[in-house]
Amino acid sequence: MAEITYVRGDATVPSVKGTKVIAHVCNDIGGWGKGFVLALSRRWPEPEASYRAWHRERASNDFGLGALQLVRVKPDVWVANMIGQRGVRTGSKGVPVRYEAIDTALARLADRVLDLDASVHMPRIGCGLAGGKWSRVEPLVAERLVRRGIAVTVYDHGDG
């Protein structure tokens, strides 16, 4: 049975064989410039460019909470831009994370990952700038990905 593996390291450099999908959470207002996306942009220009085009053309596509965009950055590496936060600031409606949207995006991701025969690699999605709690996100990852036999590695960056 697949499980979530926790490691210390950089989620943009998964060191496993086979096809890999690096999953992360984006906001629904077209903002890209803080948090994990900076590490992605340092490594590859395509995820940011694709996200910005997706947002710019949102009147004619599926951009919105719960949506998924897969961007190929290497022959065996894809980045999954998942829309899982409303805006970027904590306000009267609470923190930006939207657990239902993450759940929907993870379900969509599972189908694509199974088609690619890939493993999934991610930081603790929705728990940085989005303000979410891993205790709420982890069960979604387990239900949508692990339960379907997908190997998931969660990366904690830094020393502690």
Side-chain angles (χ1 to χ4, degrees), residues 4-16 19-56 58 61-74 76-90 95-114 116 118-146 150-158:
I4 300 175
T5 303
Y6 292 88
V7 299
R8 189 154 307 287
D10 183 348
T12 68
V13 201
S15 59
V16 297
T19 304
K20 298 161 275 292
V21 175
I22 299 167
H24 71 112
V25 166
C26 303
N27 62 66
D28 67 347
I29 60 168
W32 182 291
K34 290 185 175 173
F36 182 70
V37 298
L38 295 177
L40 287 172
S41 291
R42 277 193 296 273
R43 200 161 295 285
W44 307 288
E46 299 91 346
E48 177 179 358
S50 295
Y51 168 80
R52 290 191 184 280
W54 190 28
H55 176 261
R56 192 170 48 250
R58 65 192 176 280
N61 66 37
D62 67 343
F63 185 95
L65 287 171
L68 168 72
Q69 179 189 55
L70 270 188
V71 181
R72 192 176 209 160
V73 294
K74 290 173 66 178
D76 63 343
V77 180
W78 299 75
V79 171
N81 293 333
M82 302 186 300
I83 310 299
Q85 68 181 78
R86 166 82 70 207
V88 293
R89 291 193 174 82
T90 297
V95 294
V97 71
R98 293 295 179 266
Y99 298 109
E100 319 75 43
I102 291 174
D103 188 45
T104 299
L106 286 170
R108 291 177 171 150
L109 178 63
D111 292 335
R112 301 290 299 278
V113 167
L114 289 168
L116 292 168
S119 55
V120 174
H121 304 266
M122 64 177 67
R124 292 184 188 236
I125 57 170
C127 298
L129 297 171
K133 295 189 178 348
W134 186 244
S135 61
R136 296 270 314 270
V137 176
E138 184 184 44
L140 305 177
V141 173
E143 175 66 23
R144 296 299 183 181
L145 302 177
V146 176
I150 298 166
V152 176
T153 303
V154 173
Y155 295 74
D156 288 313
H157 205 271

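Note that these values count all heavy atoms, side chains included, but never hydrogens, waters or copies made by symmetry.
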Set out, in order, the CA-CA distance, both residues' side-chain angles and the distance that settles salt bridge (charged side-chain N to carboxylate O under 4.0 Å, His left out) for D10 and R43, then state yes or no. CA-CA 11 Å; D10 183 348; R43 200 161 295 285; 3.6 Å; yes

Just do the side chain to side chain contact (heavy atoms under 4.5 Å, CB included) check on F36 and R124 with the steps written out, would you? CA-CA 10 Å; F36 182 70; R124 292 184 188 236; over 6 Å; no

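For the residue pair N27 / W32, no side-chain donor-acceptor distance below 3.5 Å is found, with atom types taken as modelled.
Taking each heavy atom of G33 and L38 in turn, the nearest pair found is O-CD2, 3.2 Å. Residue A11 comes nearest to P14 through the heavy atom pair O-CD, 3.6 Å, listed as atom of the first residue, atom of the second, then distance. Taking every heavy atom of both residues into account, V16 and S119 meet most closely at CG2-OG, 3.8 Å. When every heavy atom of A67 is checked against every heavy atom of A105, the shortest pair comes out as O-CB, 3.9 Å. Looking at every heavy atom in both residues, A118 comes nearest to V21 through CB-CG2, 3.9 Å. Here the closest non-hydrogen pair linking I83 and Y51 is CD1-CE1, 3.8 Å.
Using a cut-off of 4.0 Å between Lys/Arg side-chain N and Asp/Glu carboxylate O, D62 and R108 are scored as not salt-bridged. Between R86 and D28 there is a salt bridge, since at least one side-chain N of the basic residue sits less than 4.0 Å from a carboxylate O of the acidic one.
Summarising the geometry, atom CZ belonging to R136 is positioned 5.0 Å from atom OH belonging to Y99; distances are rounded to the nearest 0.5 Å. Interatomic distance, CZ of R72 versus OG of S50, reported as 13.0 Å (0.5 Å rounding). Rounding to the nearest 0.5 angstrom, the gap separating the CZ atom in R56 from the CG atom in N61 is 11.0 Å. Remark: Q69 CD to C26 SG distance equals 8.0 Å, nearest 0.5 Å. Rounded to the nearest 0.5 angstrom, W44 CH2 and K74 NZ are separated by 6.5 Å. Note that CG of L40 is 9.5 Å distant from CD of E48, once rounded to the nearest 0.5 Å.
More than 12 heavy atoms of other residues, nucleotides or ligands shown are found within 6.0 angstrom of CZ on R52.
For the side-chain contact (heavy atoms from CB on, under 4.5 Å) test with M122, the passing option among I22, V25, L145 is L145; the others fail.
Using a 4.5 Å cut-off on side-chain heavy atoms (C-beta onward), V88 and L129 make no contact. T90 has its side chain within reach of P96: a pair of non-hydrogen atoms, C-beta onward, lies under 4.5 Å apart. At a threshold of 4.5 Å between non-hydrogen side-chain atoms, the residues V120 and V141 do not count as touching.
Between H121 and Y155, the angle of the ring planes lies from 30° to 60°, which puts this pair in the tilted group.
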